[in-house]
Structures are given as C-alpha cells and as structure tokens.
Student: 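Just passing along the structure, written as structure tokens.
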Amino acid sequence: MPDADLKDAMLGPRVRGQNTATNKFLSKVYHFIDAVQTYFVETALFFFFLARHMSLPLFQEYVESEIYFQHGVPFPGFGLETEVTNLSDPARDEAHHESILVVLGLQIAEGLPAIVAVIILGAVSDKTGRHKILLWLPALGSCLHSLIYIFILYTKWSIDGLFLAAAFRGLSGSMTAFLAGASFYAINSVKPDQRLNRLAIQELLNGGAYAVGNVMVGFWVKDVGFLKPFWFTLICSLISFLISFFLVTETKNSKSIRSQENPRRSHRAQRQDTSNLISDTFGPMVKYLKCMGNSTLAKIWLAILVFQTYAFVHIGQINTLVLYLSHQEYLFAEDNTITGAGPWAKIGLFLAVIMAVAAIATGLCIPIFQKFTSDTNIMILGFVSKALGTLWIAVVRNDTLLYFAILLLAFELFPFPILRAKVAKNVNPAEQGTVFAMMHCGESITYFLAPFVFSAIYASSLYFYSSFVFIVSTLLLILPAVLLIALRCVEAKSPAEYQHMDDTLSVDQAPPVEPPINQTELQEQESIMSPTEPISFIQLTQVNGSNV
C-alpha cells in the first residue's frame with residue numbers, strides 16, 4: 001500500500017470521529033438556539049413594559065412640573081418636598097387640578113384609539129396569520145412616543161404636542177395589543193400543560209418591569225431630570241421592536257392551521273370567503289356573540305367577564321391608591337436621606353415592592369399550587385389576597401404597619417394568567433388573535449374608565465371617610481367571584497376539552513384526513529349542523545380506546 005493511502009486509512013477514523021463530534025456539538029447549539037428563540041417574546045415583553053411602566057410616571061410628573069411652573073408654584077415632586085408646607089394652598093390646588101385634567105386628556109388620547117386599533121390588529125393577524133404585528137407595531141409606537149417627548153424636552157415646545165405622542169402610541173395598539181400578541185405566542189409555543197406556567201412567567205416579567213421602572217424613575221428624575229430617563233425608555237422600546245420584528249419567529253398561517261385540524265372545515269371556510277375584505281376580516285368576530293346554547297362560548301365569555309371585572313377593581317384601586325396615600329399625614333411624619341420628606345418617593349417604593357412581590361409569587365407559586373389544588377381555588381386565593389390587602393390599607397394609620405400590606409397582596413396577580421389560559425383552552429389557534437384582542441380591548445377600556453369611577457367615589461367620600469373607596473373596592477370583588485363560580489359550574493357540566501399545540505402533532509397524532517365530499521353532500525352536512533357546535537375545533541384524546 002502506498003504511503004499516502006496508508007496515511008489516509010489511518011486518519012480516516014480520526015476524521016470521522018471529529019466530524020461526528022462536530023455534528024453533535026452543532027446539533028446541541030442549534031437545539032439551544034431553538035429553545036432560546038421561543039423566549040424572545042418574553043425578552044421583548046420585559047423591555048416593552050419596562051419602557052411602558054417608566055413612561056407612565058415620567059409623563060405624569062413632566063406634565064405636572066410644566067403646569068406648576070406655568071402657575072409659578074413650586075412643584076411638590078422630586079427634590080422640592082421641603083418647600084411644600086401647605087397641602088391646601090389655593091394656587092397649588094389650581095395647578096394640581098389643571099395637571100389632572102391634562103393627564104386625563106392624554107390617557108384618553110391614547111386609550112380611545114387603542115380600543116379600535118387592537119380589534120383591527122387582532123382580526124388582521126388572524127386573517128393573514130402574521131401575529132408578529134401585535135408585538136412590533138406597539139413597540140414602534142412606544143419608540144415614537146419617547147421620541148416626541150425627547151424632541152419637546154430639547155426644543156421647549158408646548159406640551160400640547162404630547163397629545164400627538166399619545167395618539168401615535170394609541171394607534172399602534174398600545175400595551176393591550178402587545179399583551180394580546182404575547183399571550184398568543186405563550187400559548188402556542190409550548191405544550192398545553194405548560195401554558196399556564198408560561199403565562200405566569202410573562203406576568204412575573206410584567207410585574208418585575210413595573211417594580212424596576214417605578215424605582216428607577218423615582219430616583220433618576222430626582223437626580224438628573226427628565227431627559228435621560230426618556231432616552232432610556234426610547235432604548236428599551238427600540239430593543240423590544242428589533243427583537244419582535246427580526247428575532248421572533250412568525251406563527252403558522254391561520255389557513256394552514258385550519259386545514260391541518262380539519263380539511264372539511266377548511267374547505268367550508270374557503271367557500272364562505274367573499275370579495276368584501278372587511279366582511280372576511282371581521283366576520284369571525286360575529287360568531288363569538290352567538291353564545292346561546294353553546295357551552296364553549298359561554299366558558300369563553302364568562303372567563304373574559306371574570307378577567308375584566310377583576311381588572312376593573314385592580315386598576316382602579318392602583319390609581320386611587322396614589323391619590324389616597326399622597327394625602328395621608330402619617331407619611332409626611334418621617335424624613336430620611338433616601339426618600340426625603342413627603343410621601344412621593346415612599347409611595348413609589350411601596351407600589352414597586354408590592355408589584356415585585358406579587359410578580360415573584362405569581363411566577364413561582366402557581367406551578368406549585370397547581371399540584372395540590374384546582375385553578376378555581378388558586379383564583380379565589382387571589383381574590384382573598386386582594387380583599388385583605390385592600391382592607392388593611394384602608395384601616396392602618398401607621399407608616400410601618402402599612403408595609404404589611406405587601407405580604408397580604410402577594411397573590412393579587414394570580415387570576416390574570418389563569419384566566420388567559422382558560423380562554424385559550426377553548427379557542428382555535430387560528431382565531432386566538434381575535435379573541436385576545438377582544439379580551440384586551442375591554443382591558444383598554446378599563447384602563448381609563450376605572451380611574452374615572454374610583455376617583456369619583458374617592459372625591460365624593462373624601463370629607464366623611466377617605467378610605468371608603470377601598471371598602472367599595474372590596475365589595476366589588478364579589479362580582480368576579482360570582483362569575484367565577486358560574487364559570488366553574490359551566491365547566492363541570494360541559495365535557496372536558498383539550499387542544500394540542502400546533503407543532504406537537506406528529507404524523508400518528510395528526511387528525512385523520514377525511515375523504516373528499518361533493519358539493520351536494522357538503523351542503524347537506526351544513527344544513528343539518530347543530531347550532532350549538534363548539535367554536536374550538538379540538539382533537540379529542542383517547543382514553544381506554546374510546547373517544548372522550
């Protein structure tokens with residue numbers, strides 16, 4: 001054997017071994033990338049809500065400071081607390097009243113367009129199968145919002161330009177569209193038994209962003225002013241946009257999902273398409289209103305109503321809590337080098353710690369509690385936690401005792417991820433964008449309706465019992481509790497349904513392809529179809545060889 005051939009024969013096994021090791025390494029790298037890629041949505045969510053939760057107190061403080069300056073009144077904000085000695089100064093009250101109206105107008109300028117935009121985006125995402133638009137478009141709107149504020153800070157332009165920033169963010173769908181998109185990806189990127197854990201992680205990141213954002217804003221503005229924090233919100237929004245647009249993998253087209261689950265239904269849906277774009281896009285929403293005699297739709301709407309009524313109490317209470325605590329004399333009693341005099345920094349820290357503890361408890365405790373009790377009992381625990389913490393804040397009159405409410409409110413976020421999971425369980429993946437858009441559209445309405453209601457109750461009861469609004473808030477928790485019991489009864493009477501994740505269906509598990517039928521037979525099938533047919537097209541599991 002020639003020397004060259006002998007050398008090749010000796011090196012062959014070594015080269016093949018190196019190639020095998022390289023292939024294994026690359027396979028592990030690709031597997032790791034695939035595993036990480038599914039969490040790009042959560043990464044974008046954290047940066048989006050970090051910018052969002054920072055911009056909320058930022059723009060409120062900025063508007064107040066500008067209006068106080070116009071009225072020639074010292075702003076009772078960061079670094080100026082010692083100058084405020086009289087909480088009932090008429091000039092200060094006039095400036096405060098005007099700033100409240102401007103802030104309220106900015107919230108309406110964002111909230112009203114967001115209600116319409118989120119419905120349109122949800123319907124379009126289902127029609128086209130491009131659900132990423134629910135993520136990158138709100139992130140882009142957040143970038144424009146921060147840019148306009150930075151422009152006004154540099155140019156000293158009138159604060160009337162802030163309404164343009166609010167309108168842009170509203171037209172992009174605002175945070176309600178992003179929540180709808182994030183919920184869709186969380187539910188359709190994991191196995192069904194892991195969906196609630198994934199939603200709990202998103203709630204954890206959202207709450208963590210709230211806590212970090214409020215603490216950063218409080219001390220950052222106190223030290224350097226408003227410009228640098230707004231640059232930071234722009235950077236966070238830009239990161240969220242880039243991740244959502246370039247790194248998040250697009251979902252499967254809605255038509256392919258329908259055809260995979262049931263070819264006959266896909267054929268029927270194609271026949272029902274018309275040349276009217278508006279009718280084809282928004283037509284699927286109509287069937288969600290026809291819930292008479294349909295247990296699946298009843299479960300969907302009951303879960304949405306529980307979600308909205310609890311969110312109404314939660315959001316209204318948070319907004320009123322700032323007003324309530326800022327006028328409590330015991331928070332003015334102590335001064336320290338960290339928070340200074342006055343309640344503003346203390347309130348920011350208090351709310352940040354409450355949300356951080358609640359977010360951590362949601363992410364860690366829900367998977368543990370699921371092993372021992374039902375989802376309904378976990379939500380009831382959340383209601384009880386909310387009620388006890390609210391009552392505690394209403395009755396205490398001591399700075400130290402107030403912080404015990406942090407522990408009582410630790411489980412207050414439990415209902416949100418559980419209810420999102422319950423809604424998704426009964427909805428076809430190809431239509432979840434529409435349903436989550438409708439669900440979070442109601443939440444968008446709540447975001448500016450709840451402060452109206454709770455502020456009115458607080459203002460009318462301020463002179464005889466300032467804590468009355470929290471008593472009312474506790475009583476209002478009875479409504480979501482009653483609706484939750486009704487939901488539990490409907491679930492007990494209707495058959496249990498289970499929905500596979502799109503990509504988990506193997507060839508053996510995939511729904512069997514039914515033989516084609518002619519048009520006459522198809523029309524006969526449609527004419528005798530029961531009106532109570534469930535909206536979710538679910539491949540039922542096999543138990544002991546029989547369908548359940």
Side-chain angles (χ1 to χ4, degrees), residues 49 52-53 56 103-104 107-108 110-112 114-116 118-119 170 174-180 183 199 203 206-207 210 300-324 351 354-355 358 362 376 378-391 393-394 405 408-409 411-420 422-423 435-461 467-487:
F49 279 101
R52 169 77 189 190
H53 294 315
L56 180 60
V103 169
L104 187 58
Q107 290 176 333
I108 294 175
E110 178 183 348
L112 288 179
I115 295 172
V116 179
V118 70
I119 290 292
S174 191
M175 70 173 185
T176 51
F178 199 98
L179 281 171
S183 299
L199 290 169
E203 203 69 41
N206 191 351
Y210 179 93
I300 292 173
W301 279 110
L302 281 172
I304 291 177
L305 287 175
V306 176
F307 183 92
Q308 298 299 345
T309 51
Y310 184 74
F312 182 83
V313 176
H314 178 72
I315 295 168
Q317 178 185 314
I318 288 178
N319 283 270
T320 310
L321 189 59
V322 177
L323 296 174
Y324 172 78
L351 295 178
I354 282 180
M355 195 58 64
T362 302
T376 302
I378 297 175
M379 282 191 285
I380 291 176
L381 178 61
F383 294 162
V384 172
S385 173
K386 187 70 170 177
L388 292 178
T390 302
L391 290 175
I393 294 174
L408 294 177
L409 292 169
F411 303 141
E412 65 174 342
L413 299 180
F414 278 10
F416 294 121
I418 295 176
L419 289 169
R420 289 190 182 102
K422 281 184 175 293
V423 170
V435 174
F436 280 121
M438 295 170 62
M439 185 176 183
H440 291 289
C441 171
E443 188 178 5
S444 180
I445 298 174
T446 301
Y447 262 98
F448 70 89
L449 182 61
F452 272 122
V453 176
F454 279 78
S455 297
I457 296 174
Y458 175 66
S460 61
S461 61
S467 301
F468 180 73
V469 64
F470 297 112
I471 307 298
V472 175
S473 141
T474 304
L475 294 176
L476 287 176
L477 288 173
I478 297 175
L479 182 57
V482 171
L483 292 172
L484 179 61
I485 295 173
L487 174 62

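Residue numbers count from 1 along this sequence. Computed from heavy atoms alone, side chains included, the values below leave out hydrogens, waters and symmetry copies.
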Student: Any side-chain donor paired with an acceptor under 3.5 Å for Ser174 and Glu110?
Tutor: yes

Student: Given side chains that start at C-beta, do those of Leu179 and Phe416 come closer than 4.5 Å, heavy atoms only?
Tutor: no

Student: Using 30° and 60° as the class limits, which term best fits the ring planes of Phe454 and Phe312: parallel, tilted or perpendicular?
Tutor: tilted

Student: Could you check whether any side-chain heavy atom of Met379 comes within less than 4.5 Å of a side-chain heavy atom of Tyr310, counting everything from C-beta outward?
Tutor: no

Student: For the residue pair Val116 and Leu112, establish whether any side-chain heavy-atom pair is separated by less than 4.5 Å.
Tutor: no

Student: I need the Ile418 CD1 to Ile378 CD1 distance, nearest 0.5 Å.
Tutor: 4.5 Å

Student: Would you say the side chain of Leu419 lies within less than 4.5 Å of the side chain of Val423, judging by non-hydrogen atoms?
Tutor: no

Student: With side chains defined as the heavy atoms from C-beta onward, is the minimum distance between Phe414 and Glu203 less than 4.5 Å?
Tutor: no

Student: Write down the atom of Thr474, the atom of Ala387, and the distance for their closest heavy-atom approach.
Tutor: CG2-CB, 3.8 Å

Student: To the closest 0.5 Å, what do you measure between CG (Leu388) and CG (Leu409)?
Tutor: 9.0 Å

Student: Write down the atom of Gly389, the atom of Ala405, and the distance for their closest heavy-atom approach.
Tutor: O-CB, 4.3 Å

Student: Below 4.5 Å, heavy atoms only, C-beta onward: do Val306 and Leu479 meet side chain to side chain?
Tutor: no

Student: For Ile115 and Val118, which heavy atoms make the closest approach, and how far apart are they?
Tutor: O-CG1, 3.3 Å

Student: Okay, side chain of Thr362, backbone of Ala358: is any donor-acceptor separation there less than 3.5 Å?
Tutor: yes

Student: Check Phe411 against Ser385 and note the closest heavy-atom contact, atom names and distance.
Tutor: N-OG, 3.2 Å

Student: Looking at CD1 of Ile318 and OH of Tyr210, how far apart are the two atoms once the value is rounded to the nearest 0.5 Å?
Tutor: 5.0 Å

Student: So, taking the atom named CG in Leu487 and the one named CG in Leu305, what distance separates them when rounded to the nearest 0.5 Å?
Tutor: 10.0 Å

Student: Residues in side-chain hydrogen bond (donor to acceptor under 3.5 Å, both in side chains) with Thr390, at least two apart?
Tutor: Gln317

Student: Is any side-chain heavy atom of Asn206 closer than 4.5 Å to a side-chain heavy atom of Met355?
Tutor: no

Student: Return the CG to CD1 distance between Leu483 and Ile478, rounded to the nearest 0.5 Å.
Tutor: 12.0 Å

Student: Would you give the length of the straight line joining atom NZ of Lys386 to atom NE2 of His314, rounded to the nearest 0.5 angstrom?
Tutor: 5.0 Å

Student: Under a 4.5 Å cut-off applied to non-hydrogen side-chain atoms, are Ile354 and Glu412 in contact?
Tutor: yes

Student: Ignoring hydrogens, what is the shortest heavy-atom contact between Ser183 and Leu199? Give both atom names and the distance.
Tutor: CA-CD2, 4.1 Å

Student: Minimum heavy-atom separation for Pro415 to Gly382, with atom names?
Tutor: CD-CA, 4.3 Å

